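The next block holds one structure in the form of structure tokens; read it before the comments.
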Amino acid sequence: MDKIRVVGGIPLSGRVEISGAKNAALPAMVASLLTADTVNLENIPYVRDVLTTRSLLQDMGAEAEVREDGTATLKAGEVQSCEAPYELVKTMRAAILVLGPLVARFKKARVSLPGGCAIGARPVNLHIMGLERMGAKCDIVHGYVEASTSGLHGAYILLETVTVTGTENLMMAAALAEGETVLDNAACEPEVSDLAALLRGMGAHIEGDGTRTIRIHGVKKLHGCRYRIIPDRIEAGTFAIAAAITRGDVEVCDCNPRHLTAVLTQLSQTGAKVTIGPDSFHVQGRDPITSKNVTTYPYPAFPTDMQAQYMALMTQGDGSAVITETIFENRFMHALELIRMGADITIDGRQALVRGGQPLTGARVLASDLRASASLVLAGLVANGETWIDRVYHLDRGYHKIEEKMARLGANIERVH
Ligand code: UD1
């Protein structure tokens with residue numbers, strides 16, 4: 001199994017180009033199930049979750065090609081099976097996204113329930129509730145959701161919790177349902193709007209995406225299209241923190257800084273100098289790093305997917321910071337590894353108290369999930385000596401060659417096979 005070796009102490013400097021957004025690419029690829037035509041996507045990041053989604057589509061009998069240059073050609077003319085098996089869903093929970101499109105177009109689906117994961121329970125009850133409101137019958141049998149319908153119809157659906165993939169799943173289903181669907185308390189994440197834009201390109205009638213109320217007028221048929229995925233705001237944010245934590249000077253290019261307002265504002269408050277351009281931003285790390293509290297909330301607030309990386313930064317702060325996680329109940333696994341590197345962190349339920357100013361020392365650490373791995377890389381960049389990060393497959397789920405991008409900025413980092 002691959003490991004990453006980092007030797008800390010070098011301020012990063014230079015330019016880094018950001019890949020397409022993993023969390024926009026996955027629903028976009030799955031949306032190809034809604035039409036028999038070809039869907040051509042651009043700016044698809046060549047990461048593990050994208051390749052898992054390709055396997056999922058191929059497994060159903062769809063044609064799915066993903067290339068390292070960021071293009072993907074997808075055609076679900078025929079499908080032999082409407083099933084997402086446990087083996088694929090357990091490695092990538094976003095596989096639940098096939099549920100809505102399959103039921104909407106083929107009137108049936110069998111999708112493994114994701115179950116628990118390292119960051120908490122992550123139920124899919126709202127995905128199921130929404131489909132039932134639209135006229136699907138859903139049963140849980142042998143760990144699978146088995147859904148069928150004689151035809152979906154529009155419905156008013158109030159989502160009691162803001163759910164990103166739940167909103168996306170129901171938006172895709174509603175695109176082919178008869179009549180109007182209203183999704184209330186919908187997720188406003190840029191990835192949801194990106195999916196809405198793709199669906200519009202395929203002939204769907206959707207308005208209100210990017211707000212808490214999305215209206216979808218179902219159409220009989222969708223068609224193929226060509227669409228370019230938005231840049232990955234979490235990858236961009238991770239490099240922003242890499243610049244700040246190493247007191248480096250990095251220009252983060254090919255991104256949309258407007259999707260990172262909360263993260264970049266927070267970073268400025270910690271003392272980094274942030275200069276924003278139209279499709280890039282520049283971060284100059286400064287000493288001292290000011291400790292600042294943060295709380296994760298749904299977009300446009302500070303994202304849970306940046307919480308672990310921000311915790312790594314706060315270990316270097318000049319005081320204490322309280323980090324509150326409101327989205328997932330168990331998303332502090334990285335704290336235990338950061339503590340092994342010398343950080344002073346106390347966890348109390350959904351809050352972590354990070355006392356800064358502790359020098360980190362390199363250690364052998366285990367990545368527990370995707371963003372936790374990123375925080376360990378960031379900590380390794382400032383730790384004294386060598387850090388070895390194990391279970392790098394978590395990192396590969398969502399970052400395209402992070403070690404090569406960081407090495408080009410001057411970091412002493414390598415992948416060891
Ligand atoms: C998506 C992102 C993930 C990010 C998360 C929150 C993708 C592929 N993944 O995950 O990177 O961390 O949004 O921004 O886009 N919930 C329910 N019932 C449901 C669904 C969700 O109670 O049916 C709860 C969850 O337990 C959690 C909260 O809603 O507490 C938010 O989860 P959700 O937005 O659904 O996360 P994902 O879409 O899985």
Side-chain angles (χ1 to χ4, degrees), residues 20-31 44-45 47-50 52-53 56 84 88-89 91-100 111 113-133 138 140 145 157-173 183 185-195 212 229-230 232-235 237-238 259 262-263 295-310 324-334 350 369-375 394-395 397-399:
K22 170 190 81 90
N23 285 355
L26 305 184
M29 290 174 73
V30 166
I44 295 286
V47 297
R48 175 72 38 206
D49 277 5
V50 160
T52 305
T53 306
L56 187 63
L88 289 176
V89 180
T91 61
M92 188 194 68
R93 306 175 44 81
I96 191 72
L97 282 167
V98 300
L99 185 62
V111 180
L113 281 171
C117 76
I119 64 174
R122 298 186 83 172
V124 291
N125 58 310
L126 299 172
H127 302 232
I128 294 172
M129 176 278 290
L131 284 176
E132 284 178 333
R133 302 253 324 146
C138 299
I140 310 290
V145 189
I157 301 169
L158 173 64
L159 297 160
E160 69 191 34
T161 308
V162 174
T163 162
V164 177
T165 50
T167 302
E168 292 167 345
N169 222 339
L170 297 173
M171 194 163 72
M172 288 190 278
L183 298 178
N185 198 30
C188 302
E189 268 67 3
E191 294 75 16
V192 173
S193 297
D194 204 41
L195 175 63
R212 287 271 171 251
I229 300 297
I230 51 168
D232 198 307
R233 62 193 167 101
I234 306 300
E235 188 196 20
T238 302
H259 292 164
V263 172
T295 302
T296 65
Y297 284 115
Y299 189 82
F302 193 91
T304 175
D305 284 352
M306 285 299 303
Q307 180 258 105
Q309 299 89 316
Y310 185 75
T324 308
E325 171 61 56
T326 74
I327 309 290
F328 294 113
E329 82 235 16
N330 186 25
R331 204 174 194 178
F332 285 138
M333 299 295 278
H334 45 280
R350 285 174 178 251
D369 74 55
L370 169 55
R371 307 305 170 186
S373 342
S375 82
H394 285 298
L395 204 56
R397 285 189 45 213
Y399 290 92

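These numbers come from a predicted model, not from an experiment. Start at 1 and go down the list; that is how both ligands and their atoms are numbered. Sequential numbering from 1 along the given sequence is applied to the chain's residues.
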Next item on the list: Please determine if T304 has a nitrogen or oxygen closer than 3.5 Å to a nitrogen or oxygen of ligand 1.
Entry: no

Check: Hey, is V162 one of the residues with a heavy atom under 4.0 angstrom from ligand 1?
Finding: yes

Notebook entry, point to check: With atoms numbered from 1 as shown, which atoms in ligand 1 lie under 4.0 angstrom from a non-hydrogen atom of V124?
Noted result: 19 (C), 23 (O)

Notebook entry, point to check: Does some non-hydrogen atom of H127 fall short of 4.0 Å from ligand 1?
Noted result: yes

Next item on the list: Consider every N or O of L26 and every N or O of ligand 1, then say whether any pair is closer than 3.5 Å.
Entry: no

Check: Rounded to the nearest 0.5 Å, what separation is found between the CZ atom of F302 and the OG1 atom of T324?
Finding: 11.5 Å

Next item on the list: For I229 and A25, work out which heavy atoms get closest and say how close.
Entry: CG2-N, 4.1 Å

Notebook entry, point to check: Polar-atom distance check: F328 versus ligand 1, any N or O pair below 3.5 Å?
Noted result: no

Next item on the list: To the nearest 0.5 angstrom, please state how far the CG atom of L99 sits from the OG1 atom of T165.
Entry: 11.0 Å

Next item on the list: Find the distance between OG1 (T238) and CZ (R371) and round it off to the nearest 0.5 Å.
Entry: 6.0 Å

Check: Could an N or O of ligand 1 be found under 3.5 Å from any N or O of N125, whether backbone or side chain?
Finding: yes

Item checked: Per-atom contacts, ligand 1 versus I327 - under 4.0 Å to a heavy atom -> 27 (C), 30 (O), 31 (C)

Margin query: Measuring from atom 29 (O) of ligand 1, which candidate in L370, D49, L97, T161 has the nearest non-hydrogen atom?
Written below: T161

Notebook entry, point to check: Pick from L26, N23, T91: which one makes a side-chain contact (heavy atoms from CB on, under 4.5 Å) with D49?
Noted result: L26

Next item on the list: Please round to the nearest 0.5 Å and tell me the distance separating atom CZ of R212 and atom CG of L183.
Entry: 12.0 Å

Checklist line | Validation row: K22, L370 side chains within 4.5 angstrom (heavy atoms) | finding: yes

Next item on the list: For ligand 1, find out whether one of its N or O atoms is nearer than 3.5 Å to an N or O atom of A94.
Entry: no

Check: Would the number of heavy atoms belonging to other residues, nucleotides or ligands and lying under 6.0 Å from CZ of R48 be above 12?
Finding: no

Notebook entry, point to check: Any idea which of G166, G130, P123, P27 brings a heavy atom closest to atom 21 (C) of ligand 1?
Noted result: P123

Next item on the list: Work out whether the distance between some heavy atom of R331 and some atom of ligand 1 is less than 4.0 Å.
Entry: yes

Check: Mind checking whether D305 has an N or O less than 3.5 Å away from an N or O of ligand 1?
Finding: yes

Item checked: Polar contact flag for E189 and ligand 1 (N/O pairs, less than 3.5 Å) -> no

Next item on the list: Quick one: closest heavy-atom pair of S373 and L395, and the distance?
Entry: CB-CD1, 3.5 Å

Check: Is there side-chain contact between T304 and E325, with at least one heavy-atom pair below 4.5 Å?
Finding: yes

Notebook entry, point to check: Does ligand 1 have an atom that lies less than 4.0 angstrom from a heavy atom of P303?
Noted result: no

